Amino acid sequence: MNTDQIVIVGGGHAAAALCACLAEAGQARRVHLVSAESELPYQRPPLSKSFLKKADETIAPHKAAAWYAEQGIQVHLSDPVVSIDRKALRVLLRSGTQLDYQYLVLATGTRARTLDALPPGLSNVHLLRDAENARSLRTRLAEMIDRGQRLTVLGGGFIGLELAASARQLGLDVTVLEVAPRLLGRSVSASLGEHVLAHHRGMGTEVQIGVCVEDFELHDARLVSMQVNGNRVAVDELVLGIGAVPEARLAADCGLAVDNGIVVDACMRTSDMAILAIGDCAAFPTTDGTRIRLESVQNANDQARTATATLLGREEPYKSLPWFWSEQGPMRLQMAGLLPTSSATIQRAGANASSFTIFHVVNGRLLCAESVNAPLDHMISRKLIEAGVGVNTASLADPSIPLKSLLV
Ligand SMILES: Cc1cc2nc3c(=O)[nH]c(=O)nc-3n(C[C@H](O)[C@H](O)[C@H](O)COP(=O)(O)OP(=O)(O)OC[C@H]3O[C@@H](n4cnc5c(N)ncnc54)[C@H](O)[C@@H]3O)c2cc1C
């Protein structure tokens, strides 16, 4: 029995970042990386963007197999953890392999949300979560171009909209159906939501918001049609982009606290001190006493750093500024900070007609910045938010005053 092992469950961004941090700290030889996927951890963001548009683009691993071997990290692919024995400090993999741990880190991410009315296995209904999904979708999009078919995307969230923009750029006819009254309703301000809607319509995508989608007609393992606002609409291919749910089943099964994700403290410890959780699956406390879960590369990377400190016996509570990016065709959207429930909003024009930043100020302090095609403003906004200093709203709005000058 090996008593000092660190077992990481998951093969995504958080797991890859944790491997890198532990290697840097000279701890790699203690590590087992256990992934349900058949490939080494890879970059997920391109899957809805460049990967779909370029037939020859390959999946980009964070690190090559040789790196894991050199570091002494033992990698178990296509072999998900099926149960955790907290008393014995041991996990069981699907293959029957058992791994003892001193520390276990759950980095199990999320799984795409599905609809009960659309059982798995329908040949023209797709999800976009992993490399396998993206490969089959890319092949299907190419076939659709040849056949002149229309892609329907159910859900106007980030992944659905990125996919819709990529498909439009490939020349496909695309419809986006959003049940909520606006796009990206849970993530961005109403003004930015309006801009995003106009952007997609400008790209030639048919976008319907506030729709009622029901009564799916299935035939021969295919979705044939559905009712949209009471009208029967034929479906060629449908992608479900209706969000993700935290992959917390392992945690729940072994009795860890779960509440919209695996509940952790600011040092990423679950309700069992020997088990940590990081990344999309972790529900962590914020400074204002609430608990949130973030789905972003930044969050996965930064929580891996916090977890490394915890594993090495240091208390370094997680307090990174959240930031995020999305590419929807020619539009690059970047967010810094979390959108407050109410704020004074100030818009600043960017360097050209298609770029701007919306600032959200509360009690004279900048809390959030939403930038469109304005990467420099995004970078400086992050610094301004982190600095926590008071901001002059007139200066924020005036593009002739360099944003950088507000940092002093
Ligand atoms: C198509 C797409 C585009 C995205 N674009 C952006 C973007 O532009 N910007 C951005 O900031 N974020 C983006 N994201 C979100 C970002 O990829 C995630 O926030 C990030 O991957 C989270 O990392 P994670 O390691 O927590 O989870 P994941 O990367 O989802 O990894 C979870 C891993 O755990 C594995 N797993 C689950 N259960 C088990 C088990 N029982 N045993 C073993 N392994 C298991 C899964 O197979 C998976 O490999 C995108 C996501 C997708 C899907």
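Quick caveat: nothing in here was measured; it's all calculated off a predicted structure. Sequential numbering from 1 along the given sequence is applied to the chain's residues. One-based numbering, in listed order, for ligands and for the atoms of each.
Annotation: atom 4 (C) of ligand 1 to nearest protein heavy atom, Pro45 CA, 3.6 Å. Nearest protein neighbour of atom 44 (N) of ligand 1, counting heavy atoms only, is Ala36 N, 3.0 Å. Given atom 31 (O) of ligand 1, the protein heavy atom at minimum distance is Gly12 CA, 3.3 Å. Atom 2 (C) of ligand 1 has its closest protein heavy atom at Ile159 CD1, 3.7 Å. In this structure, atom 26 (O) of ligand 1 lies nearest to the protein heavy atom Asp280 N, 2.8 Å. The protein heavy atom nearest to atom 23 (O) of ligand 1 is His13 CB, 3.5 Å. Summary of contacts: the protein heavy atom closest to atom 28 (P) of ligand 1 is Arg44 NE, 3.6 Å. Protein heavy atom nearest atom 3 (C) of ligand 1, with residue, atom name and distance: Ser48 OG, 3.4 Å.
Neither the backbone nor the side chain of Glu327 has a heavy atom within less than 4.0 Å of ligand 1. At a heavy-atom distance under 4.0 Å, no atom of Phe158 approaches ligand 1.
Using a 4.0 Å threshold on non-hydrogen atoms, atom 38 (N) of ligand 1 counts as touching the protein.
Atoms of ligand 1 found under 4.0 Å from any heavy atom of Ser296, numbered from 1 in the order shown, are 11 (O), 12 (N), 19 (O). Atoms of ligand 1 found under 4.0 Å from any heavy atom of Ala107 (numbered from 1 in listed order, with element): 32 (C), 33 (C), 34 (O). Close contacts between ligand 1 and Phe324 involve ligand atoms 9 (N), 10 (C), 11 (O), 12 (N) [criterion: under 4.0 Å to a heavy atom]. Set against the non-hydrogen atoms of Glu295, the atoms of ligand 1 under 4.0 Å away are 19 (O). Counting atoms of ligand 1 from 1 in the listed order, those under 4.0 Å from a heavy atom of Val34 are 43 (C), 44 (N).
Inclusion of Lys49 in the set of residues having an N or O under 3.5 Å from an N or O of ligand 1 is warranted. An N or O contact shorter than 3.5 Å is missing between Ser326 and ligand 1 by distance. When only interatomic distances are considered, the shortest N/O to N/O separation between Glu37 and ligand 1 falls below 3.5 Å. Ligand 1 has an N or O atom lying under 3.5 Å from an N or O atom of Val297, backbone or side chain. In terms of N/O distances under 3.5 Å, ligand 1 is approached by Ala14.
Screening Gln102, Gln5, Gln74 for a side chain to side chain donor-acceptor pair (under 3.5 Å) involving Arg30 leaves a single residue, Gln102.
With rounding to the nearest 0.5 Å, the separation of CG in Leu106 from CG in Leu256 is 7.0 Å.
When ring centroids are compared, Phe356 and His195 come within the 6.0 Å threshold.
For the pair Arg138 and Phe51, the distance from NZ or CZ to the six-membered ring centre is under 6.0 Å and the angle to the ring normal is within 45 degrees.
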